[in-house]
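So the structure is just underneath, and the comments pick up after that.
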Amino acid sequence: TSIVLAVFMGGLGIGSWLAARFADRLARPIRTFALVELAVVALVLAPLWEVQQMEGLLRHLASWYGPVSPVLDLARLVASVIAIGPAAILMGVGLPLIVKKLAPSEELLGRRMATAYAANSLGGVCGTLLAGFFLIETLGLRGTCLTAGILGAIVGTVALWLDRYSEPLRQAGVVRRASTNAGFNRRTVQARFGPTWILAAAAASGFCGLGYEAIWYRVLSVLTLNTT
């Protein structure tokens with residue numbers, strides 16, 4: 001569980017980092033988001049085949065080195081990276097693209113970024129509950145992955161349709177510099193604390209949050225006596 005969580009969150013972080021490098025240069029972020037979402041669909045369905053190929057290898061390694069060994073842990077890490085790493089990276093690209101469309105100027109960034117992140121988190125909660133308590137039991141793992149792929153394809157298709165009726169950001173003239181009278185002055189914050197310290201604080205917060213999650217999972221799984 002910890003390996004899968006680390007790979008998934010690492011992929012999201014890498015995807016967000018990559019998106020930050022090119023999102024500001026995109027005139028049609030929703031179109032890019034749609035293409036990314038459709039690519040995620042293909043990568044989400046790929047593990048259905050990959051897991052079957054890797055399962056035999058992991059069983060052989062477990063029989064050779066035992067169920068608890070650094071070699072087996074490394075193999076599990078590599079298998080997780082291959083199975084979910086590319087999809088997680090593309091998922092990480094998606095949210096910054098939505099934020100770029102919702103907040104093309106810095107005056108709107110704070111509130112609309114928070115709104116997009118809240119909606120994304122709420123969707124993640126609903127998806128987790130639906131998959132854990134209903135879909136896997138009803139459709140099985142393969143059927144649940146296929147259902148998620150279909151929903152992702154619908155999202156990507158709708159995003160492409162919406163992009164047809166939206167003007168490019170640069171042509172619409174909505175890419176603007178932040179007002180000097182904005183309530184949140186980014187330069188002032190960076191001058192006081194420095195971007196390095198801000199990023200370090202964010203990293204420490206994430207480290208603690210996901211560390212708590214891993215601990216809570218181990219503790220509460222003993223109490224609930226199941227994996228759901």
Side-chain angles (χ1 to χ4, degrees), residues 4 7-52 80-105 108-109 111-175:
V4 173
V7 172
F8 180 72
M9 297 305 299
L12 293 181
I14 293 173
S16 296
W17 179 80
L18 291 174
R21 296 297 182 271
F22 65 80
D24 286 339
R25 297 193 294 269
L26 294 176
R28 291 189 173 273
I30 292 300
R31 177 183 296 178
T32 305
F33 167 78
L35 297 176
V36 167
E37 193 68 22
L38 293 175
V40 168
V41 172
L43 293 174
V44 165
L45 298 180
L48 293 176
W49 177 83
E50 293 172 346
V51 169
Q52 295 178 352
S80 298
V81 170
I82 294 174
I84 66 177
I89 291 174
L90 289 180
M91 290 178 187
V93 171
L95 184 59
L97 295 177
I98 294 176
V99 172
K100 174 61 179 176
K101 179 62 177 181
L102 293 177
S105 65
L108 303 172
L109 181 60
R111 177 177 298 179
R112 295 193 176 179
M113 180 177 180
T115 302
Y117 187 79
N120 184 259
S121 299
L122 180 60
V125 170
C126 294
T128 300
L129 293 176
L130 185 62
F133 286 97
F134 177 73
L135 291 179
I136 294 177
E137 182 178 356
T138 305
L139 304 177
L141 291 175
R142 184 181 297 272
T144 302
C145 284
L146 290 175
T147 302
I150 292 172
L151 293 176
I154 293 174
V155 171
T157 303
V158 171
L160 281 176
W161 178 77
L162 292 174
D163 178 73
R164 294 179 58 187
Y165 298 95
S166 64
E167 296 183 11
L169 293 182
R170 290 171 182 169
Q171 293 181 10
V174 295
V175 177

Which heavy atom in A87 sits nearest to a heavy atom in V40, and how many Å separate them?
O-CG2, 4.2 Å

I need the L139 CG to L146 CG distance, nearest 0.5 Å.
9.0 Å

Give a yes or no answer on whether the side chain of T144 reaches the backbone of L135 with a donor-acceptor pair at less than 3.5 Å.
yes

Using every non-hydrogen atom in the two residues, find where S80 and V4 come nearest and quote the distance to one decimal.
OG-CG2, 3.9 Å

Verify side-chain contact (heavy atoms from CB on, under 4.5 Å) between L97 and F22, making sure each step is shown before the conclusion.
CA-CA 10 Å; L97 295 177; F22 65 80; 4.1 Å; yes

How close do I30 and A159 get, counting heavy atoms only, and between which atoms?
CG2-O, 3.5 Å

Where D163 and R28 come nearest, the two heavy atoms and their spacing:
O-NH1, 2.9 Å

Calculate, to the nearest 0.5 Å, the distance between atoms OH and CD1 belonging to Y117 and I98 respectively.
13.5 Å

Going through the distances and angles, do V155 and F33 end up as a side-chain contact (heavy atoms from CB on, under 4.5 Å)?
CA-CA 10 Å; V155 171; F33 167 78; 4.1 Å; yes

For the student: nearest non-hydrogen atoms of L160 and L35, plus distance:
CD2-CD2, 4.5 Å

Could you check whether any side-chain N or O of R25 sits under 3.5 Å from a backbone N or O of R21, counting only pairs where one atom can act as donor and the other as acceptor?
yes

Exercise answer: donor-acceptor pairs, residues 12-20 side-chain atoms, under 3.5 Å, sequence neighbours excluded:
from, atom 1, to, atom 2, distance (Å)
S16, OG, L12, O, 3.1
S16, OG, G92, O, 3.2

Rounded to the nearest 0.5 Å, what separation is found between the CD atom of E37 and the CE atom of M91?
7.5 Å

Quick one: pull up CG in N120 and OG1 in T115 and give me the separation to the nearest 0.5 Å.
12.5 Å

Inter-residue atom distance L43.CG - I89.CD1, 0.5 Å rounding
9.5 Å

